[in-house]
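Written below as structure tokens is the structure these notes are about.
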Protein chains: 2
Amino acid sequence: MHIDLILDAIYSLPPESRGRLTQDIKEVSYPKGYILLRAQKIENSIYFIKKGIVRAYESSTENEVTFWFGQEGDPVISMKSYIKSQKGYEDIELLENTELYQISTQKLQALFNEDLHIANWGRKLAEQELIKTEERLIAMQFKTATQRYKDLLEQQPGLFNRVSLGHIASYLGITQVSLSRIRAEIR
Amino acid sequence: MHIDLILDAIYSLPPESRGRLTQDIKEVSYPKGYILLRAQKIENSIYFIKKGIVRAYESSTENEVTFWFGQEGDPVISMKSYIKSQKGYEDIELLENTELYQISTQKLQALFNEDLHIANWGRKLAEQELIKTEERLIAMQFKTATQRYKDLLEQQPGLFNRVSLGHIASYLGITQVSLSRIRAEIR
DNA sequence: GCTCGTTTTTATCATTTGTAAAAAAATCGT
DNA sequence: ACGATTTTTTTACAAATGATAAAAACGAGC
């Protein structure tokens, strides 16, 4: 997925502003299994996924819990690092060989203070992530695990070919055994 | 709580920009029980709480579920309306007689496109709400109801004098009976 | 196609959480 | 202070979910 497409989906930038932003973006790639982002560390970069799939998980508890999957076009950000310059909760692991666009948060901050359009792009980035997170929270509070599973099947059918059901179960907030039962009931 | 204090806590604005923003802000107040915001409607205003307390709840399901409390200084926003101009999930009810600062989203959007500082203020507003929502989501996925209750007791002890345990129970994602059991165990 | 390691399902049992109804306690208005 | 209403707790039972272990299915590599 091309970077211009990704940036534009967030907020359409005039050519000059977009140039300023893309100037600071590098392409990087890492193999399956690589840990892109570590919970202990304050991260200095954010990423967008060109190709591949990643998961964010927290490992401080005995059994690690996946709480986010990122696919082509998605931003990969430790929000605690990005927003508050604090350690995040999550490690982020690449589940396939993955190509990423990388940008330094320092450079991004500088652009936010210089360019009105980029500041609004940054606003939209946060707003879009906010909507997604809010939707997740509401699903966790209002819906049964079965309903959340069905919703995921509908909204992200492709996900099931790319990640294990163990990861999906913890993403849904249940055990793998529970997920297996849900699948058996539906069948 | 004074509006300048609230705005500054989000992002410190230079005097000229702050003036532009506060110019469009009106003070309003409504009595306890008033429904400030309705799920069916696309809202044209956002608010900040000067004095009082409110709750957001979704009522489409049989038993209504509270998923957010707002207190002095907090923004009161239907994010779906504000960000995507779509209907939100939530009704918002005033739990006390409440004084609010009101601003039109249209005027705010106009200011975002005119003033770099205000655009960055808007970015910070979204970012702060994002961090809060993410923390909630993570607590729902990683922590037991008992732990979430204890956390709330610690972080917002004042809340318990202002809202019923029934509302708090649904906020924590459990039934009132469950909450009562938790409280009995701890005692 | 076979083997080894991983993932997924199934089974059993213990624990947690929910539902419903009733009792107890607290709150409110007069 | 009183009764009426609402809120909170308690109880008994049902349903859902978790933990653990074992079996079955699947996949990568030879």
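What you see below is based on every heavy atom in this structure, not just the backbone, and it leaves out hydrogens, waters and symmetry mates. Each chain gets a letter, A, B and so on, in the order the sequences are listed, and its residues count up from 1.
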Using the C1' atoms of the five pairs at each end, what is the angle between the end axes of the helix from dG1(C)-dC30(D) to dT30(C)-dA1(D), to 10°? 60°

In residues 171-178 of chain A, which ones come under 4.0 Å of DNA chain C, going by heavy atoms? Gln176(A), Val177(A)

The single option from Gln102(B), Gln106(B), Lys107(B) passing side-chain hydrogen bond (donor to acceptor under 3.5 Å, both in side chains) against Ser45(B): Gln102(B)

What I want to find out is whether Glu96(A) reaches Arg162(A) closely enough, with some N-O distance under 4.0 Å, to be called a salt bridge. yes

Could you label the plane-to-plane angle of the Phe69(B) and His167(B) rings as parallel, tilted or perpendicular, counting under 30° as parallel and over 60° as perpendicular? tilted

Side-chain (Asp74(A)) to main-chain (Gln71(A)) donor-acceptor, under 3.5 angstrom: yes

Relative to the ring of Phe142(B), is the ring of Phe67(A) parallel (under 30°), tilted (30 to 60°) or perpendicular (over 60°)? perpendicular

For atom NZ of Lys132(B), decide whether the heavy atoms of other residues, nucleotides or ligands shown that lie under 6.0 angstrom number more than 12. yes

In the structure I gave you, are the side-chain heavy atoms of His117(B) and Asn120(B) within less than 4.5 Å of one another anywhere? no

Under 3.5 Å, side chain of Asp24(A) to main-chain N/O of Ile103(A), donor-acceptor pair present? no

Can you find a side-chain donor-acceptor pair between Asp151(A) and Gln147(A) that sits under 3.5 Å? yes

Go through DNA chain D in 5' to 3' direction and return only the first and the last nucleotide with some atom under 4.0 Å of chain A's heavy atoms. dT17(D) to dT20(D)

Donor-acceptor pair, Ser29(B) side chain versus Glu99(B) backbone, under 3.5 Å? no

Check each residue of residues 145-170 of chain B for a non-hydrogen atom within less than 4.0 Å of any atom in DNA chain C, then write out the ones that pass by number, or none. none

Return yes if some donor-acceptor pair links the side-chain N/O of Gln141(B) with the main-chain N/O of Ser170(A) below 3.5 Å, else return no. yes

Tell me, do Leu37(B) and Glu93(B) make a side-chain contact under 4.5 Å, heavy atoms counted? no

Footprint ends on DNA chain C, 5' to 3', for atoms under 4.0 angstrom from a heavy atom of chain B, come out as dT17(C) to dA20(C)

Could you tell me if the side chain of Met1(B) sits less than 4.5 Å from the side chain of Phe48(B), heavy atoms only? no

Have Glu135(B) and Tyr89(A) got a donor and an acceptor in their side chains that come within less than 3.5 Å? yes

Sugar-phosphate, base or nothing in reach of Arg183(A), heavy atoms under 4.0 Å: sugar-phosphate

Set of residues satisfying side-chain hydrogen bond (donor to acceptor under 3.5 Å, both in side chains) with respect to Gln155(B), sequence neighbours excluded: none

